[in-house]
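Residue numbers start from 1 in every chain, and the chains themselves are labelled A, B, ... in the order their sequence lines are given, proteins ahead of strands.
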Number of protein chains: 2
Amino acid sequence: MLLGFFADTMMNDCTVRRTVEFLGKKWTLLILLELHKGGGSRRFSEFRGCLDGITPKVLSARLSELEKEELVSKNMDSSSFPIKSVYTLTQSGEEVMDIIRNIKGWAIKWKLVNEACALYDCDECEL
Amino acid sequence: MLLGFFADTMMNDCTVRRTVEFLGKKWTLLILLELHKGGGSRRFSEFRGCLDGITPKVLSARLSELEKEELVSKNMDSSSFPIKSVYTLTQSGEEVMDIIRNIKGWAIKWKLVNEACALYDCDECEL
DNA sequence: CCGGATCCGGGTAGATACTG
DNA sequence: CAGTATCTACCCGGATCCGG
């Protein structure tokens, strides 16, 4: 009887909580966004330029988590010089873009500060 | 010329980053979800039962932030005893449910552990 | 150089006790 | 009941260092 109401909510603690705990970690969504903007793949040092303020330690940790969770795959080429590590979005990672679009849509509606953000991708207006 | 591509991405650092920094904080989305499940409003101690593991300090801090950002409004009745504080979702807060549904949809597709989560709201399967 | 790992300091979350 | 105070533990940020 209550089931109907709860089914309508389409959400619950277990699934949502686990996912939020993982995706909600600082930098995680922004890393995924950067990967998308890079056409699906980026190198380690490219993130450091894009994600202003991220430290190599945190970046390394997040990328490892994302790789473990299979949102990102890592491809290291140590044969050439210098070493190239390329991180690539998987399909599940790419589909996180829907969530990010949703977040941006919400922000534009309720929180927009910089109007340019609503129109196009402003690399200049990083915090 | 590049503008077209970027516009298609429908997202950028400034808006997304600010919003993720705020909504992505630990417990924030879960608090909003609990409010929704409570029909749009909850009292302080009700959260403590629902959000297993949250401490009053963090709960208080998050609710203050949400109130400041106007996703939640607080209604305190200190005339009677015991004091009643009721927290209510605003319209912008309610619309965050779309984001949470999106997250749950993603999780069900890619990460589901407990199948019951996909069907209805399982209070029992909290971490 | 590039891709990290390590060490250290500060802030934020967690646990518990306490108060109006 | 609705928080605040305190103390601890962990995570994040900054800088440095190191192997390929």
Side-chain angles (χ1 to χ4, degrees), chain A residues 13 17-35 38 41-69 72-89 126-127, chain B residues 13 17-35 38 41-69 72-89 126-127:
Chain A
D13 292 315
R17 183 161 175 172
R18 281 177 159 264
T19 308
V20 165
E21 253 164 41
F22 153 61
L23 279 183
K25 279 197 178 181
K26 196 158 189 181
W27 295 108
T28 299
L29 284 175
L30 298 177
I31 288 171
L32 291 171
L33 173 55
E34 269 313 315
L35 273 168
S41 62
R42 286 249 188 234
R43 295 178 56 186
F44 192 86
S45 51
E46 289 182 302
F47 287 111
R48 305 195 59 184
C50 302
L51 302 174
D52 193 39
I54 198 169
T55 61
K57 186 178 88 171
V58 176
L59 176 56
S60 174
R62 291 295 169 276
L63 287 171
S64 297
E65 291 163 15
L66 287 169
E67 190 189 358
K68 181 184 159 202
E69 297 287 341
V72 162
S73 65
K74 179 179 178 178
N75 205 310
M76 197 172 81
D77 176 13
S78 53
S79 65
S80 66
F81 180 83
I83 292 176
K84 284 188 182 182
S85 289
V86 180
Y87 297 88
T88 308
L89 274 180
E126 297 180 326
L127 174 87
Chain B
D13 291 316
R17 184 162 174 170
R18 281 178 160 264
T19 308
V20 165
E21 254 164 39
F22 154 60
L23 279 182
K25 276 197 179 181
K26 197 160 188 180
W27 295 109
T28 300
L29 284 175
L30 298 176
I31 287 171
L32 293 171
L33 173 55
E34 270 313 315
L35 274 168
S41 63
R42 287 248 188 234
R43 295 178 57 185
F44 192 86
S45 52
E46 289 183 301
F47 287 112
R48 305 196 57 187
C50 303
L51 301 174
D52 192 41
I54 198 169
T55 60
K57 187 179 90 173
V58 175
L59 177 55
S60 174
R62 289 296 167 275
L63 287 171
S64 295
E65 291 164 15
L66 286 169
E67 190 189 358
K68 181 184 159 205
E69 297 287 341
V72 161
S73 66
K74 178 179 179 177
N75 206 310
M76 197 171 79
D77 176 12
S78 52
S79 65
S80 65
F81 184 84
I83 294 173
K84 283 188 183 182
S85 289
V86 179
Y87 295 88
T88 307
L89 275 179
E126 296 179 328
L127 176 85

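For the pair A:Glu65 CD and D:dC11 C1', the interatomic distance rounds to 11 Å; values are reported in whole Å. One atom, CE of A:Met76, and another, C1' of C:dG4, lie 10 Å apart when rounded to the nearest Å. Here C:dC7 presents its C1' atom at 9 Å from NZ of A:Lys57, a figure rounded to the nearest Å. As a whole-Å value, the separation of B:Lys84 NZ from C:dG20 C1' is 18 Å. Atom-to-atom, CG of A:Leu51 to P of D:dG14 comes out at 13 Å; the value is rounded to the nearest Å. Atom pair A:Phe44:CZ and D:dG19:P shows a separation of 17 Å (rounding to whole Å applied). To the nearest angstrom, C1' of D:dC12 lies 16 Å from CG of A:Asp52. What separates CG of B:Leu63 from C1' of D:dG3 is a distance of 11 Å, to the nearest Å.
In this structure, B:Lys74 reaches the D:dG3 phosphate: one of its side-chain N or O atoms is under 4.0 Å from OP1 or OP2. Distances shorter than 4.0 Å separate some side-chain N or O of B:Ser85 from OP1 or OP2 on D:dG3. A sub-4.0 Å separation between OP1 or OP2 of C:dG3 and a side-chain N or O of A:Arg43 is present. Listed pair A:Arg62 / D:dC12 meets the phosphate criterion, a side-chain N or O lying under 4.0 Å from OP1 or OP2. The phosphate of C:dA5 (OP1 or OP2) has a side-chain N or O of A:Ser60 nearer than 4.0 angstrom. When the side-chain nitrogen and oxygen atoms of B:Ser45 are compared with OP1 and OP2 of D:dA2, one or more of them lie within a distance under 4.0 Å. Distances shorter than 4.0 Å separate none of the side-chain N or O atoms of B:Tyr87 from OP1 or OP2 on D:dC1. Here B:Trp27 reaches the OP1 or OP2 of C:dG14: one of its side-chain N or O atoms lies under 4.0 Å away.
Judged by distance alone, with hydrogens and angles left aside, the side-chain atoms of B:Ser64 form a donor-acceptor pair with the main-chain N or O of B:Ser60 at under 3.5 Å. With hydrogens and angles disregarded, a donor-acceptor distance shorter than 3.5 Å links the side chain of A:Arg62 to the backbone of A:Lys26.
Along DNA chain D, the nucleotide nearest A:Ile54 and the nucleotide nearest A:Ile83 are compared for position; the residue whose nucleotide lies closer to the 5' end is A:Ile54.
Contact between B:Leu23 and B:Leu29 at its shortest, heavy atoms only, is O-CG, 3.7 Å.
Side-chain contact between B:Leu66 and B:Tyr87 is absent, with no heavy-atom pair separated by less than 4.5 Å.
For B:Pro56, the listed nucleotide lying nearest its side chain is D:dT4; candidates were D:dG13, D:dC1, D:dT4.
Applying salt bridge (Lys or Arg N to Asp or Glu O under 4.0 Å) to B:Glu34 and the options B:Arg43, B:Arg42, B:Arg48 leaves one that passes, B:Arg42.
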